[in-house]
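Within every chain, numbering begins at 1; the chains are lettered A, B, ... in the order of the sequence lines, protein sequences first and strands thereafter.
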Number of protein chains: 2
Amino acid sequence: MDERDVRLLKAISDLGTGSPERLHEETDIPVSTIHYRLNNLRERGVIENDLYDLDLDELGLGVTVVLEVYTTYSGSYRGVAAELEEIEGVTQVFFTMGEYDFMVVARLPNSDAVERLITDFEAVEEVDRTNSTFVTSRTKDTPRPLQTYSLDTLLEELVDDGSE
Amino acid sequence: MDERDVRLLKAISDLGTGSPERLHEETDIPVSTIHYRLNNLRERGVIENDLYDLDLDELGLGVTVVLEVYTTYSGSYRGVAAELEEIEGVTQVFFTMGEYDFMVVARLPNSDAVERLITDFEAVEEVDRTNSTFVTSRTKDTPRPLQTYSLDTLLEELVDDGSE
DNA sequence: TGTGAAATTTAATGCAA
DNA sequence: TTGCATTAAATTTCACA
C-alpha cells in the first residue's frame, strides 16, 4: 500500500464513484495506471467486488471499537452528534433512548489509535463519560443489508402493496 | 418500490456488481429496463451513488437495533457467531472480550420486526440473554470508512514505509 | 512498474412503438 | 416498458519507458 493506492481509494470513497475518468480528474493519476492499480488492489484482496467494498484488515483499518457515550446536552442532541461524527475513524453514530445516549463504532489502524480516539471523545464538551469495548473479531460486518435477507422476506417487507 | 426493484437491488447486493449485463442474467429483466429502473431508483434517492450504496430509510429498512448478547458456549465462539450471523436483518456481529460477548447491529423494516428479531436471538441455544437498544436516529452510518479520515492521516497510517 | 495509444467490449442514452 | 441504433465509457492489449 503506497501513497497512490491510498489516494485512489480515498478518492473512490469521497467521490462515490469508480469511474476511471473521474478518479483521474481527482488524483491526476493516468487512467491507464488507475486500471493497473485497481487490478492489483483487487488481486491483493483490498477491494472485494465491483462495488469497491473494502477489506478492512487488508486495508489497514482492521481495529474496531464500540463506544457507549453518556452526555449532557441542552436542547437537541444534533449538536453533540455532529461533533462525534467529525472524529476520525468514526463510521457510525447512533442516538438512542436507552441506557446511554450514543452508540458509536470506529474503525482504526491499530491499538495505539484507540487511546487517541478516547481522548477525542472526552474532549467534546457535552460528553460525560464513554464506555469503550474493543472488538476482538468482526465476525460479520457487511455494508449490504439486503444480503442478510432472503428474497421472499424482502418481497414481503419492501414491496408496497395496498396493505399499508 | 415494486417486486422488480427489490429483485434488482437484491441482485446487486448478492452479485456484488452493478453490471447491467450480469444483472440481466440474474433477474431476467431486460438490460434496457435495468437502466430505466436504476435511474428511477437513483432519482428517488434509494441508491445514493455510483457505488450503489443504499438509503435505508428510502429502501424501507430504516429501523436499526443494537443488541448486546450474553452467551454460554463451549470451545470456540465461532459456532455461536455463525448462528447469529444467519438471523435475517443482522448486518454486524462483533465478538468482544468486554461485558457482553457479542455486539450485534440489525436493520429492520419496522418496529414489529424487532419482536421477531429478539425471538430469533433467544432461540439460539447458547444465548443466555440479550439487551436490545432501539436506535432513535442513525446520525451517521457510512459504509466507507476512508471518508471519515483526512488524506493526511490516511497517508500517515496506511502507507507502509520502513517504519513498521 | 508505469504509461500511452489503439483495439475491443460494455455501458449509457435517445427514441420509437 | 422494451428493443434497437447511436454514442460514450470502460477495459484490455501491447509496445515501450
Side-chain angles (χ1 to χ4, degrees), chain A residues 1-55 58-60 143-144 146 151 154-155 158-162, chain B residues 1-55 58-60 143-144 146 151 154-155 158-164:
Chain A
M1 199 71 120
D2 65 4
E3 171 162 347
R4 272 189 152 181
D5 284 336
V6 173
R7 281 184 190 278
L8 203 48
L9 294 173
K10 169 78 169 149
I12 291 172
S13 289
D14 286 353
L15 269 48
T17 183
S19 157
E21 200 55 62
R22 303 277 315 281
L23 295 173
H24 162 69
E25 289 167 22
E26 180 76 10
T27 62
D28 268 323
I29 301 171
V31 174
S32 178
T33 306
I34 289 177
H35 280 289
Y36 176 67
R37 290 267 173 175
L38 290 181
N39 282 336
N40 285 340
L41 286 166
R42 257 184 249 279
E43 277 185 11
R44 280 191 269 150
V46 178
I47 295 173
E48 304 214 297
N49 50 30
D50 287 1
L51 308 175
Y52 299 89
D53 289 335
L54 301 172
D55 182 312
E58 293 299 327
L59 179 65
R144 319 226 151 267
L146 295 190
L151 182 57
L154 289 177
L155 291 174
L158 264 35
V159 172
D160 349 283
D161 43 12
Chain B
M1 200 70 120
D2 64 4
E3 172 163 347
R4 273 189 152 180
D5 285 335
V6 174
R7 282 184 188 278
L8 204 48
L9 295 173
K10 169 77 171 152
I12 291 172
S13 289
D14 287 351
L15 268 47
T17 185
S19 157
E21 199 56 61
R22 302 276 316 282
L23 296 173
H24 163 69
E25 290 167 21
E26 180 76 9
T27 63
D28 269 324
I29 301 171
V31 174
S32 179
T33 306
I34 288 178
H35 280 290
Y36 175 70
R37 291 263 173 177
L38 290 181
N39 282 336
N40 285 339
L41 287 166
R42 258 183 247 281
E43 277 184 11
R44 281 190 269 148
V46 178
I47 295 173
E48 303 213 299
N49 50 30
D50 287 0
L51 308 175
Y52 299 90
D53 289 335
L54 301 171
D55 183 312
E58 293 299 328
L59 179 65
R144 318 226 152 267
L146 296 190
L151 182 56
L154 289 178
L155 291 174
L158 264 34
V159 172
D160 352 281
D161 43 10
S163 82
E164 56 172 336

So the contacted stretch of DNA chain D, first to last nucleotide with an atom under 4.0 Å from a non-hydrogen atom of chain A, runs from dA10(D) to dT12(D)

With sequence neighbours excluded, what pairs up with [X] under the side chain to side chain donor-acceptor pair (under 3.5 Å) test?
{"X": "Asn40(A)", "answer": "none"}
{"X": "Glu3(B)", "answer": "Arg7(B)"}
{"X": "Asp55(A)", "answer": "none"}
{"X": "Thr17(B)", "answer": "Asp50(A)"}

Give the rounded distance in Å between these two atoms: CZ of Arg37(B) and C1' of dA12(C).
18 Å

Taking pairs as Watson-Crick (N1-N3 plus N6-O4 or O6-N4) or G-U wobble (N1-O2 and O6-N3), each distance under 3.5 Å, the stems of three or more consecutive pairs with DNA chain D are C:2-17 with D:1-16

Residues forming a salt bridge (Lys or Arg N to Asp or Glu O under 4.0 Å) with Arg44(B), sequence neighbours excluded
Asp5(B)

Positions of residues 14-24 of chain A (non-hydrogen atom under 4.0 Å from DNA chain C), listed by number
none

Side-chain atoms of residues 22-30 of chain A: list all donor-acceptor pairs with protein atoms under 3.5 Å, sequence neighbours left out, distances to 0.1 Å.
| from | atom 1 | to | atom 2 | distance (Å) |
| --- | --- | --- | --- | --- |
| His24(A) | ND1 | Ile29(A) | O | 2.8 |
| Thr27(A) | OG1 | Leu23(A) | O | 2.7 |
| Thr27(A) | OG1 | Ile29(A) | N | 3.2 |

Pairs under 3.5 Å (N/O, protein and nucleotides 3-9 of chain C):
| from | atom 1 | to | atom 2 | distance (Å) |
| --- | --- | --- | --- | --- |
| dT3(C) | OP1 | Arg4(A) | NH2 | 3.3 |
| dT3(C) | OP2 | Arg4(A) | NH1 | 2.6 |
| dT3(C) | OP2 | Thr33(A) | OG1 | 2.6 |
| dT3(C) | O5' | Thr33(A) | OG1 | 3.3 |
| dG4(C) | N7 | Ser32(A) | OG | 3.0 |
| dG4(C) | O6 | Ser32(A) | OG | 3.4 |

Look only at the side chain of Arg42(B) and the backbone of Glu48(B), and say whether a donor-acceptor pair between them is shorter than 3.5 Å.
no

Within residues 5-13 of chain A, residues whose heavy atoms come under 4.0 Å of DNA chain D:
none

